[in-house]
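Everything on this sheet refers to the single structure shown next.
In what follows, every heavy atom counts, from backbone to side chain, and hydrogens, waters and symmetry copies are set aside. Small disclaimer: the values here were computed from a predicted structure and weren't measured.
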Amino acid sequence: MVKNHIQRIAAPRSWKIERKNYKFITRPSPGAHSLDYGLSINTVLKEILKVADTTKESKYLLNNKDVTVNGKPIHDVHHSVGLMDVVSIPKLSLSYRVVINKRGVLSFVTVTDADLTVFKVKRKYTIKGGKKMLTLSNGANYLADKTCVVGDSVLIKGNKIEKVISLKEGAYVTLIGGSHIGTSGNISKLYDEGNTKRVEVESPQGKLITLREFAFVVGDKKSEIKII
């Protein structure tokens, strides 16, 4: 029970779930997303999208390839679905992108651009042959055929990196942490304050300052994908 489930009362506050109906909820597999930024596909299907009533029904949908995440069929009810992932149910012609709202809760936005995804570059390293490899915020690995650095984002279409979206002044970001979580706007300034890297963002609420690690780039001047 401890390995495959987590007590609802102890689940992250970013999960939009009922906490008192039942004691346990499916634990997402580790790796792709942290618990704060991801939850199991079983929870998504049953409690967020409400297309399944039981885990047995979730397994049926997955085994019949009726659900995809970022365009790929998945089979494990523990598969972690998290920030900026796109969940699609082809037979219902429905697709949802995972975003985070101003209350710090993971939300599912209906989208029509399911073939596009944007993920943050979390790690860049060299592999055999001198090639550069990227690890993205959804846990995926890609060969770096375009120049980028950690903190940038990449626009993926299908299974190919179409574009690098640099973390720079003017870029459009959504904030995924801190007191301004869920707010979006254009970067007006990047600067260091001692050993702390900060970013100033021009948002509809005015200028705000936060840690640079909370800035998730989603476009050069405006968002490349639907996030609201």
Side-chain angles (χ1 to χ4, degrees), residues 12 14-16 28-41 43-45 48-49 67-72 74 79-89 94-124 134-142 144 146 148-167 171-178 180-187 199 201 210-228:
S14 57
W15 294 14
K16 189 178 181 180
S29 298
H33 301 278
S34 68
L35 279 179
D36 286 331
Y37 290 119
L39 59 170
S40 73
I41 187 63
T43 301
V44 172
L45 295 177
I48 310 288
L49 304 184
V67 180
T68 66
V69 176
N70 303 327
K72 298 179 181 179
I74 57 174
H79 183 94
S80 180
V81 176
L83 194 62
M84 297 301 171
D85 280 339
V86 174
V87 179
S88 297
I89 307 173
L94 292 173
S95 294
Y96 305 86
R97 178 169 287 115
V98 186
V99 298
I100 197 159
N101 64 26
K102 293 182 179 181
R103 292 181 289 112
V105 176
L106 294 173
S107 302
F108 286 67
V109 178
T110 304
V111 298
T112 56
D113 59 352
D115 59 328
L116 297 177
T117 52
V118 172
F119 295 110
K120 193 172 185 178
V121 178
K122 302 293 287 186
R123 185 180 173 217
K124 183 178 181 181
L134 304 178
T135 297
L136 306 183
S137 55
N138 69 330
N141 294 308
Y142 281 83
K146 295 178 173 62
C148 64
V149 298
V150 172
D152 289 345
S153 292
V154 292
L155 174 68
I156 298 173
K157 185 172 184 179
N159 197 38
K160 180 183 177 182
I161 294 178
E162 290 283 309
K163 178 182 180 181
V164 172
I165 312 171
S166 299
L167 180 67
Y172 193 83
V173 299
T174 185
L175 303 181
I176 60 172
H180 304 292
I181 192 168
T183 303
S184 299
N186 294 92
I187 295 177
V199 59
V201 176
T210 189
L211 296 178
R212 201 175 302 179
E213 65 187 85
F214 294 150
F216 194 118
V217 191
V218 291
D220 289 322
K221 294 295 182 181
K222 60 181 183 179
S223 182
E224 296 276 359
I225 54 174
K226 182 181 178 183
I227 57 173
I228 58 175

Just how far is it from atom CG of Asn70 to atom CG of Leu116, taken to the nearest 0.5 Å?
11.5 Å

Should we count NZ of Lys124 as having more than 12 external heavy atoms under 6.0 Å?
yes

Taking the side chain as C-beta and beyond, is there a heavy-atom pair between Ile161 and Leu134 under 4.5 Å?
yes

What's the verdict on side chain to side chain contact (heavy atoms under 4.5 Å, CB included) for Leu83 and Ile100, showing C-alpha distance, side-chain angles and the deciding distance?
CA-CA 7 Å; Leu83 194 62; Ile100 197 159; 4.1 Å; yes

With a 4.5 Å limit on heavy-atom distance, are the side chains of His180 and Val201 in contact?
no

Side-chain contact test, heavy atoms from C-beta onward, threshold under 4.5 Å: evaluate it for Ile225 versus Val111 and give yes or no.
no

Quick one: closest heavy-atom pair of Ala171 and Ser166, and the distance?
CB-O, 3.5 Å

Does a side-chain heavy-atom distance below 4.5 Å link Asp220 with Tyr172?
no

Apply salt bridge (Lys or Arg N to Asp or Glu O under 4.0 Å) to Lys226 and list each qualifying residue two or more places apart in sequence or on a separate chain.
none

Which pairs with one or both residues in residues 98-118 pass side chain to side chain donor-acceptor pair (under 3.5 Å), sequence neighbours excluded?
Arg97-Asp113, Asn101-Ser107

Roughly how far, to the nearest 0.5 Å, is the CD1 atom of Ile74 from the NE2 atom of His79?
4.5 Å

Euclidean distance, Ile165 CD1 relative to Leu155 CG, rounded to 0.5 Å:
5.0 Å

Side-chain atoms of residues 31-40: list all donor-acceptor pairs with protein atoms under 3.5 Å, sequence neighbours left out, distances to 0.1 Å.
unit_1: His33; atom_1: NE2; unit_2: Gly82; atom_2: N; d: 3.4
unit_1: His33; atom_1: NE2; unit_2: Asp85; atom_2: OD2; d: 2.8
unit_1: Tyr37; atom_1: OH; unit_2: Ile176; atom_2: O; d: 2.6
unit_1: Ser40; atom_1: OG; unit_2: Thr43; atom_2: N; d: 3.1
unit_1: Ser40; atom_1: OG; unit_2: Thr43; atom_2: OG1; d: 2.9

Pairing residues for Ser137 by the side-chain hydrogen bond (donor to acceptor under 3.5 Å, both in side chains) criterion, not counting sequence neighbours:
none

List the steps and the verdict of side chain to side chain contact (heavy atoms under 4.5 Å, CB included) for Phe216 and Val118.
CA-CA 9 Å; Phe216 194 118; Val118 172; 4.0 Å; yes

Could you list all the side chain to side chain donor-acceptor pair (under 3.5 Å) pairs where at least one residue sits in residues 148-160, not counting sequence neighbours?
Tyr142-Asn159

Working for side chain to side chain contact (heavy atoms under 4.5 Å, CB included), residues Leu136 and Val121
CA-CA 5 Å; Leu136 306 183; Val121 178; 4.1 Å; yes

Within the supplied structure, the quantity of interest is the number of heavy atoms (other residues, nucleotides, ligands) at a distance under 6.0 Å from Ile228 CD1; does it exceed 12?
no

Is there a side-chain contact between Val154 and Lys146, using heavy atoms and a 4.5 Å cut-off?
no

Looking at Lys120 and Glu213, would you say the former's side chain and the latter's main chain have a donor-acceptor pair under 3.5 Å?
yes

CG (Leu49) and CD1 (Ile89) are apart, to the nearest 0.5 Å, by 5.5 Å

Hits for side-chain hydrogen bond (donor to acceptor under 3.5 Å, both in side chains) against Ser95, two or more places apart or cross-chain, chain-then-number order -> Ser88

Validation row: Val109, Ile227 side chains within 4.5 angstrom (heavy atoms)
no

Atom CG in Leu167, atom CZ in Arg212: separation rounded to 0.5 Å?
6.5 Å

